[in-house]
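Only one structure is covered here, and it is reproduced in the block below.
Computed over heavy atoms, backbone and side chain alike; hydrogens, waters and symmetry mates excluded.
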Amino acid sequence: MMFGFGKKKKAEEAPAPAEATPAGPLGEELVAPATGTYKPLTTVADPVFAQGMMGEGFAVDPSEGTVVAPVTGEIALLQDSLHAFMIRSEDGAEVLVHVGIDTVELGGRGFTSTAEIGQKVTAGEPLITVDWAKIESEIPSKEVMVIVTNSKAFGVARDDETQRPVTAGDKVANTVKK
């Protein structure tokens, strides 16, 4: 679960995921939050994210433990357990990064951070380090999700939806004003 509250909805109760149809000019670049395999959000292990309930986005199955800012902006949220943070981009897109599935239950064990609420960051800047060897056996998935939570105002125009290798900081999408 995202922040540890509520239970996952059944698939039949979930709304259909929002489609990323560019309706306006391309906005800010979104970059891979980690080195690993890029994945469409619809393929992640958590149905809350996969069904688009949190908003439009994408994911990376990480092969390394460094998590970077996916967009330039200001850190608006940083969970105490360090498993999730949100950056408000200069255009106003609210970009949530959720590191792993059910990682909130670890209470921060295995995570370190250099990030602070209010900090200005640049896309590709390292913010979180995860010791996957220490925690991987305790969680269902390491997938790092990037979601634009204010998807009524901003969409996500992906460069390519195929699963493929990416390096942290590689451009993979843009925000789109609706």
Side-chain angles (χ1 to χ4, degrees), residues 1-11 13-14 17 30-71 73-88 93-151 156 163 165-170 172:
M1 292 299 304
M2 185 167 110
F3 296 118
F5 52 82
K7 292 289 179 191
K8 298 174 188 161
K9 291 185 179 183
K10 294 179 185 172
E13 296 174 358
L30 296 171
V31 303
T35 295
T37 303
Y38 173 93
K39 300 174 69 171
L41 192 60
T42 56
T43 66
V44 300
D46 187 318
V48 170
F49 295 111
Q51 294 170 11
M53 289 185 221
M54 298 298 301
E56 297 179 32
F58 57 90
V60 172
D61 189 6
S63 58
E64 298 177 7
T66 300
V67 179
V68 305
V71 68
E74 182 177 324
I75 297 177
L77 170 80
L78 176 63
Q79 290 295 300
D80 290 340
S81 57
L82 307 178
H83 77 285
F85 60 92
M86 180 183 294
I87 298 172
R88 187 170 294 110
E94 295 174 352
V95 182
L96 174 73
V97 177
H98 194 281
V99 183
I101 307 239
D102 294 341
T103 46
V104 65
E105 296 170 15
L106 301 173
R109 190 168 41 79
F111 290 79
T112 56
S113 175
T114 60
E116 295 179 7
I117 293 176
Q119 176 182 346
K120 304 270 189 213
V121 296
T122 303
E125 181 177 337
L127 299 176
I128 304 276
T129 302
V130 184
D131 183 347
W132 292 119
K134 185 175 188 177
I135 65 170
E136 187 172 9
S137 66
E138 300 177 52
I139 58 173
S141 172
K142 303 185 311 184
E143 295 163 323
V144 180
M145 283 77 57
V146 175
I147 297 107
V148 176
T149 60
N150 57 344
S151 289
V156 177
Q163 289 193 24
V166 291
T167 299
D170 285 353
V172 295

Is [Y] close to [X] at the side-chain level, that is, under 4.5 Å between some pair of heavy atoms?
X	Y	result
Val31	Val172	no
Gln163	Thr43	yes
Met86	Val97	no

If you round to the nearest 0.5 Å, how far is [atom2] of [Y] from [atom1] of [X]?
X	Y	atom1	atom2	answer
Thr149	Arg88	OG1	CZ	8.5 Å
Glu136	Thr103	CD	OG1	12.5 Å
Ser141	Asp102	OG	CG	9.5 Å
Phe58	Ile147	CZ	CD1	9.0 Å
Lys142	Ile135	NZ	CD1	9.5 Å

Which atoms form the tightest heavy-atom contact between [X] and [Y], and what is the distance?
X	Y	answer
Val121	Val71	CG2-O, 4.1 Å
Asn150	Glu94	OD1-N, 2.9 Å
Pro126	Thr114	O-OG1, 3.6 Å

Quickly, which of Leu96, Ile101, Asp46 forms a side-chain contact (heavy atoms from CB on, under 4.5 Å) with Met145? Name it, please.
->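 So the option named by the test is Ile101.
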When Val68, Ile75, Thr66 are each screened for side-chain contact (heavy atoms from CB on, under 4.5 Å) with Leu127, the one that passes is Ile75
Counting only N and O atoms by type, is there a donor-acceptor contact under 3.5 Å from the side chain of Asp170 to the main-chain atoms of Ala32?
->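 Judged by distance alone, no pair lies under 3.5 Å.
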Kindly state each residue pair satisfying salt bridge (charged side-chain N to carboxylate O under 4.0 Å, His left out) with at least one member in residues 107-129, sequence neighbours excluded.
->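 Sorted result for residues 107-129: Glu74-Lys120, Arg109-Glu138.
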Side-chain atoms of residues 33-41: list all donor-acceptor pairs with protein atoms under 3.5 Å, sequence neighbours left out, distances to 0.1 Å.
from  : atom 1 : to     : atom 2 : distance (Å)
Thr35 : OG1    : Ala168 : N      : 3.0
Tyr38 : OH     : Glu161 : OE1    : 2.4
Lys39 : NZ     : Glu143 : OE2    : 2.4

Which residues satisfy the side-chain contact (heavy atoms from CB on, under 4.5 Å) test with Ser113, sequence neighbours excluded?
-> Leu78, Leu82, Ala115, Ile128
Criterion side-chain contact (heavy atoms from CB on, under 4.5 Å) on Val67 and Thr129, from CA distance to verdict | CA-CA 6 Å; Val67 179; Thr129 302; over 6 Å; no
Name the orientation class of the two ring planes belonging to Trp132 and Phe111 (parallel below 30°, tilted from 30 to 60°, perpendicular beyond 60°).
->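 Plane angle over 60°, so perpendicular.
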